[in-house]
Amino acid sequence: MYRDHTKVVQIGDKKIGGGNPILIQSMTNTKTEDVKATVAQIHALEEAGCEIIRCTVPTKEAAEALGEIKKQIHIPLVADIHFDYRMAVAAMENGADKIRINPGNIGGPEKIKAVVDTAKERNIPIRVGVNSGSLEKELVEKYHGVTAEGLVESALDKVKIIEDFDYDNLVISIKSSDVLMCVKAHELLAEKTAYPLHVGITEAGTLYSGNIKSAVGLGIILYQGIGDTIRVSLTGDPVEEIKSAKRILKTLNLRKGGIEVVSCPTCGRTQIDLIGLANQVETMVQKFPLDIKVAVMGCVVNGPGEAKEADIGIAGGKGVGLLIKKGEIIRKVPEAELLDVLRLELENWEK
Ligand code: SF4
């Protein structure tokens, strides 16, 4: 089922599915019991553009902390539960806007029923999450290993358990660190369900490899019209996850807004510290709510031509650079002033 036709699910004040914008999620890595640290991290994530946040709830204290955390943040709060169904119930009683469980690891039917009953009373959505690392033995044997088919069957089995308790306020996620397996699982799952899908490549790795794996995996999945919320999982500061997720959505034209910086790869003609300048520009432009393209080029010979498709650009020279608009040279600028001149232009940009 492609995202325009998935079921609409309400998470706090946000709607996902049914063609609503794809929302960006992340997960805190603070101790949830530490309200101050968790709220501080969520605020940083909100500022970066995070739209739904998930916190782990391994203890009763963590479940209780959710209530206080929720009061201090501005985005829906999801509780991540493993093993103990009582944490799921407590999280919902303390205001979680959604819970993420794997019904396979929280106990027998009566425990799942207790969770579903609480969710039903409060109309709280449940995300049924399946990970390649915890696929049931029977499915591993049936499909001769961990496979996309096995993951899909596992997810749909779990969904069925909850549907049998007469509840369908659900979201599904299937995660694997194997990018192609993850892609295939989403293709198969999208054909079989109308529930919204939360998409991510799990345990993707550090900033470098995690970004590449996530961009490739999410790129293929999202481009096929599959996926209603996303998370880029990185071993690092979760704020980096948000930046990457935004960039992936923007690259696929699934999100508008924000300045895109294009910069040349440098070559033998480069006469300034272009790598340093491009990085400074990328940081500087983040605060401008403009939907334009900014070029940062390494030389005054080819720079203006190569920057033609950008709305505005700078090109570095030997001591003197250029300010360029739509490929036209506007004026010469002392090299040391290039960044400030560009900033001024952006501050006065007519929207
Ligand atoms: S813009 Fe100039 S410095 Fe950059 S790659 Fe092209 S020719 Fe080389």
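We count ligands from 1, going down the list as the structure has it; atoms in each ligand are counted the same way.
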Atom 2 (Fe) of ligand 1: closest protein heavy atom, distance to 0.1 Å, is Cys299 SG, 2.3 Å
Taking Lys246 for its side chain and Ala48 for its backbone only, find out whether a donor-acceptor pair lies under 3.5 Å.
yes
Atom 4 (Fe) of ligand 1: closest protein heavy atom, distance to 0.1 Å, is Cys264 SG, 2.3 Å
Hey, is Lys250 close enough to Asp291 for a salt bridge, meaning N to O under 4.0 Å?
yes
Is the backbone of Gly12 close enough, under 3.5 Å, to the side chain of Gln10 for a donor and an acceptor to pair up by distance? yes
Here the atoms of ligand 1 under 4.0 Å from any heavy atom belonging to Cys267 are 3 (S), 5 (S), 7 (S), 8 (Fe)
Nearest heavy-atom approach of Val35 to Ala65 is CG2-CB, 3.7 Å
Closest to atom 1 (S) of ligand 1 among protein heavy atoms sits Glu306 OE1, 3.5 Å
Among non-hydrogen protein atoms, atom 7 (S) of ligand 1 lies closest to Asn302 ND2, 3.3 Å
TODO: Taking only Lys NZ, Arg NE, NH1 and NH2, and the carboxylate oxygens of Asp or Glu, determine whether Lys326 and Asp311 approach each other closer than 4.0 Å.
DONE: yes
Near Arg269 (heavy-atom distance under 4.0 Å), the atoms of ligand 1 are 7 (S)
min-distance protein heavy atom vs atom 3 (S) of ligand 1 -> Thr270 OG1, 3.4 Å
Check your understanding: Quick one: do Glu110 and Lys113 make a salt bridge, cutoff under 4.0 Å?
Key -> no
